[in-house]
Amino acid sequence: ARKQRAAAAGAIESVVAAMQAHLQEAGMQEMGCWALANMCFGTDAAGLARKQRAADAGGIEVAVAALQAHPQVAEVQEEGCAALVNVCSGADGAGRARKQRAADAGAIEALVVAMQAHPQ
């Protein structure tokens, strides 16, 4: 219920905008990715709608940008990966499109870099 209220209040768009405005601030990127991951958790209809809302707001691209901007910051890498997993999940056509959008944004390469830099 809290995730839905946050989304309805515009939290997803606000988080994406803050991340875009403060790309070089690792702490902002970590907490922004954490917030996206949490708001986009869930596989019910409301959860799938929040995932799509995050994608429509630029959440996929901003999570990839966070990973690329802070490759040596383990916390950003961890939360960025979680954000991408949750925003992109879904077996329907929209979920497949979000996965493709992530790939097009450079997510695969960014995730490989993250795993190589932080093997633990």
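Side chains of Arg101 and Glu61 form a contact here, defined as non-hydrogen atoms less than 4.5 Å apart. In this structure the side chain of Val62 reaches within 4.5 angstrom of the side chain of Leu36, judged on heavy atoms. You'll find the side chain of Cys33 reaches within 4.5 Å of the side chain of Met19, heavy atoms only.
When all heavy atoms of Ala57 and Glu13 are compared, the pair lying nearest together is CB-CG, 4.0 Å. In plain terms, the two heavy atoms of Ala110 and Val64 that are nearest each other are CB-CG1, 4.5 Å. The shortest non-hydrogen separation linking Met28 to His22 is CG-CB, 3.8 Å. Listed here is the closest heavy atom pair of Met39 and Ala6: SD-CB, 4.0 Å. Taking all atoms of both residues into account, the shortest heavy-atom contact from Cys40 to Val87 is SG-CG2, 3.7 Å. Closest approach of Ala66 to Gln29, counting heavy atoms only: CB-OE1, 3.3 Å.
Hydrophobic clustering, with ILVMFWY side chains joined whenever heavy atoms are under 4.5 angstrom apart, keeps Val76 apart from Trp34. In this structure, Leu67 is a member of the same hydrophobic cluster as Ile60, with clusters built from ILVMFWY side-chain heavy atoms closer than 4.5 Å.
The line from NZ of Lys99 to CG of Asp104 is 14.0 Å long, rounded to the nearest 0.5 Å. Considering CD of Glu78 and NE2 of His118, their distance stands at 10.0 Å, rounded to 0.5 Å. Taking CD of Gln77 as the reference point, atom CD of Gln72 lies at 8.0 Å (rounded to 0.5 Å). Interatomic distance, Thr43 OG1 to Asp92 CG, rounded to the nearest 0.5 Å: 11.0 Å. Rounded to the nearest 0.5 angstrom, Asn38 CG and Arg50 CZ are separated by 10.5 Å. In this structure, the separation between CZ on Arg98 and CD on Gln52 is 5.0 Å, given to the nearest 0.5 Å.
Side-chain atoms of His70 do not come within 3.5 Å of backbone N or O of Glu30 as any donor-acceptor pair. Lys51 contributes a side-chain N or O that, together with a main-chain N or O of Gly42, makes up a donor-acceptor pair within less than 3.5 Å.
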